[in-house]
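Structure first, commentary second.
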Amino acid sequence: MTQCTASNGDANGSGTGVFKVNSNVTVATVKQAITIVAQDLDLAGKLNSGSKTTTISTKQVETIGLGNAVGNMTIDLSELANIKAGTLV
């Protein structure tokens, strides 16, 4: 059985939920993947799944822009720098 830490920032699927990690806060798992479902990501703090996978998606299966790319959800360069994972999906 695979263990996973999951958060659903848009549980009702309305397209308005935000997953937020404040600065000076780290969400870390021990040998577990992290799965986040939200309409937007506000990542001033850190996500750390170590060597495991961190998965970020939208409830409505929309586009995700990375770095300078724009999507329905955009994860900018500073937010990407705050994610430590074996694999980022």
Checklist entry - Does a side-chain heavy-atom distance below 4.5 Å link Leu41 with Ile56? => result yes

Checklist outcome for this item: Note: Gln39 and Gln60 closest approach over all heavy atoms is OE1-OE1, 4.3 Å

Item to check | Residue pairs, two or more places apart or on separate chains, that pass side-chain hydrogen bond (donor to acceptor under 3.5 Å, both in side chains) and touch residues 76-86 | outcome: Lys46-Asn82, Asp76-Ser78

Checklist entry - Does any N or O in the side chain of Thr29 come within less than 3.5 Å of the main-chain N or O of Ala33, such that one atom is a donor and the other an acceptor? => result no

Checklist entry - Is a donor on one side and an acceptor on the other found under 3.5 Å between the side chain of Asn72 and the backbone of Thr63? => result yes

Checklist outcome for this item: In short, Val37 meets Thr58 closest at the heavy-atom pair CG1-C, 4.0 Å

Checklist entry - What closest approach, in Å, do Thr54 and Ser49 show between heavy atoms, and which atom pair accounts for it? => result OG1-OG, 2.8 Å

Item to check | From CA spacing to verdict: side-chain contact (heavy atoms from CB on, under 4.5 Å), Asn48, Val27 | outcome: CA-CA 6 Å; Asn48 184 347; Val27 175; over 6 Å; no

Item to check | Contact summary for Met73 and Ser57, nearest pair of heavy atoms | outcome: CE-O, 4.2 Å

Checklist entry - How long is the span from the CD1 atom in Ile64 to the OG1 atom in Thr74, to the nearest 0.5 Å? => result 9.5 Å

Checklist entry - CG/Asp42 to CG/Asn22 distance, rounded to the nearest 0.5 angstrom? => result 7.5 Å

Next on the checklist: Any non-hydrogen side-chain atom of Thr55 less than 4.5 Å from a side-chain atom of Ile34?
Outcome noted: no

Checklist entry - Just wondering, do Thr53 and Leu88 contact through their side chains at under 4.5 Å, heavy atoms? => result no

Checklist entry - Counting only heavy atoms not in Asn24, do more than 12 sit closer than 6.0 Å to its CG atom? => result no

